[in-house]
Amino acid sequence: MSGITHDYMEEYLRGLIGDSEDELYELEKYAGENSVPIVQKEAGKFLEFMVSMKKPKKILELGTAIGYSAILMSKAANGNASITSIERDENMVSIAESNISKYNFSDKIKVVKGDCLEILEGLDDKFDLIFMDAGKGHYNHFLPHCLRLLAEDGIIISDNVLFRGMVASNDLVIRRKITIVKRMRKYLEEISKDKNLITTIIPMGDGIAVTKRR
Ligand code: SAM
């Protein structure tokens, strides 16, 4: 049990999704072998679906890691989106940049090195889709910036919002994760109770929230 879904359900859904091909397969293999956290398979499929439905022209990603989800989104947009992705870990930035160049996405994906909060403060573009996947204990701090940077009809997709079930149940909380859990609960309350926003929280993967303006 992941704390969110049953193993049999996860296995079944992953079986339906099947294996990735080409660069995504290679990146998944690298991530698995090197313990790099990338979006879970169901979350990846959800992201692909949302990008192909929403057809965003500009995407902002918080948390690049090796560039897997950025490349997945670029492919889902058929190359019609420009993606800005923020990553603070220098090693990850250089791996992501080399993957982006190796698989020919350099004209579509730009990696910005730095802490999300600092980089967000300096941005003033408008984005059609924002994918929040970094600094699980800071989503509530990123939110005001993301709302400021969100295009009128844009959407924010945030991953890991149920954090292995800990966000929903105190029985699952590990002591050293208590701050992340408290802040994630605050984030979910803010996006759920703000009358100007509409949010749906999906107990899929590690929990995904989708938010837009009303
Ligand atoms: N989105 C990626 C994917 O699915 O391929 C995975 C991102 S991984 C879950 C989170 C990444 O965010 C890590 O590489 C970590 O170094 C980075 N990160 C964490 N906190 C950050 C922060 N405050 N600012 C910038 N990057 C951060």
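All figures in this text were calculated on a predicted structure; none of them were measured in a lab. We're numbering straight along the sequence, starting at 1. Order of appearance sets the numbers: ligands from 1, and atoms from 1 within every ligand.
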Any residue meeting ring-ring contact (aromatic ring centres under 6.0 Å, His included) with F131, in chain and number order, not counting sequence neighbours | none
What are the distances between nitrogen or oxygen atoms of ligand 1 and protein nitrogen or oxygen atoms, counting only those under 3.5 Å?
from, atom 1, to, atom 2, distance (Å)
ligand 1, 1 (N), G63, O, 2.8
ligand 1, 1 (N), S69, OG, 2.8
ligand 1, 1 (N), D133, OD2, 2.8
ligand 1, 4 (O), V39, N, 2.8
ligand 1, 4 (O), S69, OG, 3.2
ligand 1, 5 (O), S69, N, 3.0
ligand 1, 5 (O), S69, OG, 3.3
ligand 1, 14 (O), E87, OE1, 2.7
ligand 1, 14 (O), E87, OE2, 3.3
ligand 1, 16 (O), E87, OE2, 2.6
ligand 1, 20 (N), G135, N, 3.3
ligand 1, 23 (N), D115, OD1, 3.1
ligand 1, 24 (N), C116, N, 2.9
ligand 1, 26 (N), R88, N, 3.2

Which pairs with one or both residues in residues 103-122 pass ring-ring contact (aromatic ring centres under 6.0 Å, His included), sequence neighbours excluded?
-> none
Name all pairs fulfilling the side-chain hydrogen bond (donor to acceptor under 3.5 Å, both in side chains) condition that reach into residues 141-156, sequence neighbours left out, sorted by first residue then second.
-> H138-H141, H145-R148
Got a donor-acceptor contact below 3.5 angstrom from the N99 side chain to the I66 backbone?
-> yes
Candidate list L129, D128, I155, I130, test side chain to side chain contact (heavy atoms under 4.5 Å, CB included), partner L150, passing option = I130
Test log, rule salt bridge (Lys or Arg N to Asp or Glu O under 4.0 Å), inputs K41 and E28 = CA-CA 10 Å; K41 235 170 159 50; E28 282 169 21; 3.4 Å; yes
